[in-house]
K.L.:
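One structure, as structure tokens, below. Some questions next.
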Amino acid sequence: MDIKEEVYSVFLRLLCHFGPQRWWPRIWKEGNHRDEIIIGAVLTQRTLWKNVENALKKLEDYGITSIAKFYDTDEGYIERLLKSVPFRRRKIRTIKRLWETVKYGVPSREKLLEVEGIGEETADVILLYAYDIPTIVIDEYARRWFLRFFGLNVGDRMLRSYLHFEDTFYLKEMHALLDELGKRYCKRKPLCDDCPLKSKCRLYVRVFSKR
DNA sequence: TGCCAGGTGAAAG
DNA sequence: CTTTCACATGGC
């Protein structure tokens with residue numbers, strides 16, 4: 001069984017086990033949902049989603065429900081609204097810089113990566129979830145799972161090609177499901193006993209099964 | 001109560 | 001190329 005086939009079978013297994021995750025979550029009742037995703041994608045960098053949720057609610061309470069509005073609002077004012085978000089001063093500037101790129105229409109991956117504060121993961125999140133452009137999102141959870149599951153240490157470039165399928169439902173769910181797996185089982189200190197993937201996982205076979 | 005969270009970029013080896 | 005650090009806060 002080649003790696004891509006096995007990746008897809010993992011996707012199906014995770015989907016059955018956890019159910020569809022329906023990312024990207026929406027917090028705002030109204031306003032520009034595309035902008036909400038873009039703002040949330042930056043705010044959630046190295047940050048608990050719960051804290052981002054609170055911050056997004058705060059923005060909505062004060063009527064900042066688009067990047068354009070965000071751009072036109074005083075930095076110090078926004079900073080007070082986002083007090084639950086770490087690294088917020090940087091992130092506010094990043095979001096304001098993003099406006100210069102996204103106001104002209106659908107941004108390319110290259111253009112997003114030119115924005116200071118936007119790396120590969122955030123760029124791919126924006127493309128996939130805000131613009132529905134088929135892109136695989138690689139994060140720490142995906143790297144860790146792949147290394148353990150296949151016992152292969154590959155670079156991000158390879159990883160992207162192994163995980164990519166041209167289907168936005170798969171792409172959106174796969175990223176969300178691997179995050180769920182990483183949070184519940186495939187943690188830094190793995191909890192393999194109840195992991196839905198243990199029967200196929202190279203790490204589990206190597207470390208825990210007796211011969 | 002300490003660890004860590006849905007990263008990025010700059011600096012250094 | 002890889003490792004290390006600053007960025008800064010709340011949740012559990």
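From a predicted model like this one, the values you see are computed outputs, not experimental measurements. FYI, side chains are in, hydrogens and waters are out, and symmetry mates aren't considered; it's all heavy atoms of this structure.
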K.L.:
Rounding to a whole Å, what distance do you find between A:N51:CG and B:dC4:C1'?
P.N.:
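These atoms are roughly 11 Å apart.
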K.L.:
CD1 of A:I126 versus P of B:dG7: gap in Å, rounded?
P.N.:
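It works out to 14 Å between those atoms.
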K.L.:
Could you tell me how far apart A:D156 (CG) and B:dG7 (P) are, to the nearest whole angstrom?
P.N.:
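After rounding, the reported distance stands at 13 Å.
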K.L.:
When you compare B:dC3 with C:dA8, how far apart are their C1' atoms, in angstrom units rounded to a whole number?
P.N.:
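Roughly 15 Å separates the two C1' atoms.
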K.L.:
From C-beta outward on A:Y141, which listed nucleotide comes closest to its side chain: B:dA5, B:dT8, C:dG11?
P.N.:
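Within the option list, the nearest is B:dA5.
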K.L.:
Within a reach of under 6.0 Å around OH of A:Y71, are more than 12 heavy atoms found that belong to other residues, nucleotides or ligands?
P.N.:
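Not more than 12 within 6.0 Å, no.
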K.L.:
Give a yes/no answer on whether the side chain of A:R46 brings an N or O atom under 4.0 Å of OP1 or OP2 in B:dA5.
P.N.:
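Result: yes.
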K.L.:
For A:K50 and for A:G117, find the nucleotide of DNA chain B with the closest heavy atom, then tell me which residue's nucleotide is more 5'.
P.N.:
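Taking each residue's closest nucleotide, the earlier one in sequence belongs to A:K50.
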K.L.:
Nearest whole angstrom, please: distance from the C1' of B:dG7 to the CD1 of A:I118.
P.N.:
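Nearest whole value for this atom pair: 10 Å.
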K.L.:
Between A:T122 and B:dT8, is there a contact of a side-chain N or O with OP1 or OP2 at under 4.0 Å?
P.N.:
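Looking at the OP1 and OP2 atoms of B:dT8, one of them is under 4.0 Å from a side-chain N or O of A:T122.
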K.L.:
Think A:R188 has a side-chain N or O under 4.0 angstrom from the OP1 or OP2 of B:dC4?
P.N.:
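Yes.
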K.L.:
Using the closest heavy atom to pick a nucleotide of DNA chain C for each, name whichever of A:P86 or A:N54 lands nearer the 5' end.
P.N.:
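With A:P86 and A:N54 compared, the 5'-side residue is A:P86.
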K.L.:
Remember a base hit wins even if backbone is also touched, and classify A:K83 as base, sugar-phosphate or nothing at under 4.0 Å, heavy atoms.
P.N.:
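Result for A:K83 = sugar-phosphate.
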K.L.:
I want to confirm an ordering. Mapping A:L48 and A:E116 to their closest nucleotides on DNA chain B, which one lands closer to the 5' end?
P.N.:
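Result: A:L48.
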K.L.:
How many angstroms lie between atom CG of A:L128 and atom CE of A:M174, to the nearest 0.5 angstrom?
P.N.:
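Going from the CG atom of A:L128 to the CE atom of A:M174 covers 13.0 Å.
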K.L.:
Rounding to the closest angstrom, what is the interatomic distance between B:dG2 and C:dC7 at atom P?
P.N.:
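Those two atoms are separated by 23 Å.
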K.L.:
Under 4.0 Å between a side-chain nitrogen and a carboxylate oxygen: does that hold for A:R160 and A:D124?
P.N.:
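A:D124 and A:R160: salt-bridged.
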K.L.:
Can you measure A:L82 atom CG to C:dC7 atom C1' for me and round it to whole angstrom units?
P.N.:
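It works out to 15 Å between those atoms.
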K.L.:
Quickly work out the A:R88 CZ to B:dA5 C1' distance and round it to whole Å.
P.N.:
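Those two atoms, CZ and C1', are 16 Å apart.
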K.L.:
Just checking A:E140: base, sugar-phosphate only, or nothing, at a heavy-atom cut-off of under 4.0 Å?
P.N.:
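Nothing, no nucleic acid heavy atom in range.
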K.L.:
Could you tell me how far apart A:R90 (CZ) and B:dG7 (C1') are, to the nearest whole angstrom?
P.N.:
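Going from CZ in A:R90 over to C1' in B:dG7 covers 9 Å.
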K.L.:
Would you call A:R97 and A:E100 a salt bridge, taking side-chain N to carboxylate O under 4.0 Å as the test?
P.N.:
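No, A:R97 and A:E100 are not salt-bridged.
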K.L.:
Let me know the distance between CZ of A:F87 and P of B:dA10, rounded to the nearest Å.
P.N.:
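Atom-to-atom, A:F87 to B:dA10, this comes out as 16 Å.
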K.L.:
Under 4.0 Å between a side-chain N or O of A:R89 and OP1 or OP2 of C:dC7?
P.N.:
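Negative; the distance criterion is not met.
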K.L.:
Judged by modelled atom types alone, do A:S9 and A:K200 share a side-chain donor-acceptor pair under 3.5 Å?
P.N.:
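A:K200 and A:S9 do not have a side-chain donor-acceptor pair below 3.5 Å.
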